[in-house]
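Heads up, the thing below is written out as structure tokens.
Every chain is numbered from 1, with letters handed out A, B, ... down the list of sequences. Quick caveat, the model's predicted, so the values are computed rather than measured.
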Number of protein chains: 2
Amino acid sequence: MTTTASDHDRIVQAADRLFYRRGIQAVGMDAVRAESGVPLKRLYAQFASKDALLIEVLHHRGAIWDSGIAAAAASAEGPRAKLLAVYDFLDAWFRTDDFRGCGFINAFGELGAVSSEVAAAAREQKLAFQHYVGALVAEMGASPVLAAQLALLAEGAQTTAAISGLPDAAIHARAAAETLIDAALLTA
Amino acid sequence: MTTTASDHDRIVQAADRLFYRRGIQAVGMDAVRAESGVPLKRLYAQFASKDALLIEVLHHRGAIWDSGIAAAAASAEGPRAKLLAVYDFLDAWFRTDDFRGCGFINAFGELGAVSSEVAAAAREQKLAFQHYVGALVAEMGASPVLAAQLALLAEGAQTTAAISGLPDAAIHARAAAETLIDAALLTA
DNA sequence: TTGCGCTGAGAACGTTCGTTCTCTAGTGTA
DNA sequence: TACACTAGAGAACGAACGTTCTCAGCGCAA
């Protein structure tokens with residue numbers, strides 16, 4: 001049985017695709033209407049403004065990211081493997097055709113200075129990721145400093161893959177992560 | 001024609017300040033006029049368009065970055081110390097009041113999808129940095145993979161310091177860099 | 001002084017875009 | 001058939017902005 005997607009969901013998904021592909025300010029509400037197939041009147045019945053839609057899109061994108069990370073971790077045994085699975089997840093993502101960097105980093109660069117809500121959404125997403133890494137590092141009995149370092153590698157890989165066009169960034173990040181983990185466990 | 005050269009510089013510097021602080025599309029040409037003190041007519045005599053000004057601004061910003069890195073390296077002895085000086089440079093930068101992340105990452109996030117020139121300027125800057133790190137790593141006799149890893153740490157520190165608001169990212173990156181360098185030199 | 005060219009301040013123009021409004025075609029009902 | 005109602009397509013509106021144009025004022029040569 002096929003449940004037709006709600007206006008709300010179709011709008012969010014269409015806006016997410018467009019914002020990610022072209023940037024936020026480059027996408028007009030009319031393009032969102034065309035991509036979602038939802039007329040402007042119903043669109044504005046769901047979202048008070050483009051800004052409100054954007055915040056919802058960012059939360060949606062955060063949920064997608066979280067579930068992707070969780071799925072990657074599910075096929076790994078133990079905290080060390082789950083940590084390394086993050087970089088495998090990044091590697092697969094970087095090699096997708098429409099990869100254009102981290103949507104939160106991009107949104108922050110575009111609107112972080114002008115919209116405190118956008119800045120907050122990006123910050124929350126990044127802090128949640130750092131917390132996730134921190135929990136696995138703690139489970140390994142290593143220092144929280146290692147967690148910060150592993151998160152740096154993941155963030156750096158995302159910008160490098162996007163801007164420099166080097167998808168191998170994930171592989172390099174993974175190798176560096178292994179080195180750092182091993183070093184941290186030795187001194188623990 | 002010293003007056004026109006002065007116009008040129010004042011415009012670029014004013015635009016750089018504004019673009020970095022508020023984002024590019026959030027800054028109108030009238031704001032550039034007000035900040036630079038150069039009337040619109042002379043402004044458009046120097047730059048054919050806002051896009052042309054932006055590209056010049058990005059090159060200017062790249063030169064500033066390069067000279068900052070060079071100055072940090074100048075007070076260090078040997079490739080290892082010069083590499084670590086990068087993170088000290090980042091640390092000082094992150095703690096400045098008006099720090100808002102890497103201008104190239106921000107510009108790429110805002111306009112990279114829509115302007116191939118912006119994307120190219122950001123890519124060139126990032127590749128130049130990777131080349132700089134690669135030269136020092138080669139001087140140490142270590143693998144190019146280490147260079148990629150050290151660059152990832154620097155990129156990750158910039159986004160983390162900006163978005164998460166954690167200036168300690170530079171310190172963590174530096175410590176991770178030391179670990180990675182030592183490990184690479186051991187196996188070399 | 002008078003006329004001429006240049007300059008700057010800002011008005012004007014054309015476009016884009018977020019948001020709202022209008023009008024028409026269609027539906028269901030008695 | 002007549003009527004009320006709804007919803008969608010797109011026009012309309014107002015604001016912002018990149019870019020160009022106007023015009024008053026000034027310096028200056030003769």
Side-chain angles (χ1 to χ4, degrees), chain A residues 4-58 60 106-107 109-118 121, chain B residues 1-58 106-107 109-118 121:
Chain A
T4 65
S6 68
D7 278 358
H8 183 97
D9 291 351
R10 288 200 299 179
I11 296 163
V12 166
Q13 287 165 19
D16 182 45
R17 278 194 299 274
L18 294 175
F19 289 167
Y20 182 70
R21 265 208 284 268
R22 303 188 210 159
I24 296 154
Q25 293 172 96
V27 171
M29 290 300 270
D30 197 63
V32 176
R33 176 201 56 77
E35 175 88 3
S36 65
V38 176
L40 272 188
K41 202 188 261 183
R42 282 192 356 230
L43 205 162
Y44 274 98
Q46 288 290 325
F47 301 96
S49 66
K50 187 183 182 182
D51 289 337
L53 170 59
L54 171 59
I55 298 305
E56 199 103 358
V57 163
L58 290 177
H60 169 257
N106 292 345
E110 180 167 0
L111 294 170
V114 124
S115 162
S116 60
E117 290 163 294
V118 169
Chain B
M1 300 270 254
T2 58
T3 56
T4 54
S6 161
D7 275 356
H8 184 99
D9 292 352
R10 289 200 300 178
I11 296 164
V12 167
Q13 286 165 18
D16 183 44
R17 276 194 300 274
L18 294 174
F19 290 167
Y20 182 68
R21 265 208 284 268
R22 302 188 211 158
I24 296 153
Q25 294 172 94
V27 171
M29 290 300 270
D30 197 62
V32 176
R33 177 201 56 76
E35 175 88 3
S36 66
V38 176
L40 272 187
K41 202 189 260 182
R42 283 196 347 235
L43 204 161
Y44 275 98
Q46 288 291 325
F47 301 96
S49 66
K50 187 183 180 181
D51 288 337
L53 169 59
L54 171 58
I55 298 304
E56 198 102 357
V57 163
L58 289 177
N106 293 346
E110 181 167 358
L111 294 170
V114 126
S115 161
S116 60
E117 289 164 295
V118 169

Considering every strand and a 4.0 Å limit on heavy-atom distances, what is the contact class for A:V27: base, sugar-phosphate, or nothing? sugar-phosphate
**Message:** Taking any heavy-atom pair under 4.0 Å as a contact, classify A:V32: base, sugar-phosphate, or nothing.
**Reply:** nothing
Side chains of A:I11 and A:H8, heavy atoms from C-beta outward: is any pair under 4.5 Å?
no
Provide, to the nearest angstrom, the distance between the [atom1] atom belonging to [X] and the [atom2] atom belonging to [N].
X	N	atom1	atom2	value
B:R42	C:dT7	CZ	P	9 Å
B:R22	D:dA16	CZ	P	14 Å
B:L43	C:dG10	CG	P	15 Å
B:K41	D:dA24	NZ	P	14 Å
A:Q25	D:dG18	CD	P	11 Å
B:D30	C:dC13	CG	P	18 Å
B:Y44	C:dA12	OH	C1'	14 Å
B:I24	D:dC17	CD1	P	15 Å

The answer to which of B:R33 and A:D51 contacts DNA chain C further toward the 5' end, by nearest nucleotide, is B:R33
Heavy-atom nearest nucleotide on DNA chain D taken for B:A48 and for A:L40; more 5' hit belongs to A:L40
From the list A:R33, A:R42, A:K41, salt bridge (charged side-chain N to carboxylate O under 4.0 Å, His left out) partner of A:D7 resolves to A:R42
Open item on the list: What I want to check is whether an N or O donor and acceptor connect the side chain of A:K50 with the base of C:dG18 at under 3.5 Å.
Closed with: no
Exercise. Are the side chain of A:E56 and the backbone of A:V12 linked by a donor-acceptor contact shorter than 3.5 Å?
Worked result: no
Check: Between the side chain of B:E110 and the main-chain N/O of B:I24, is any donor-acceptor distance below 3.5 Å?
Finding: yes
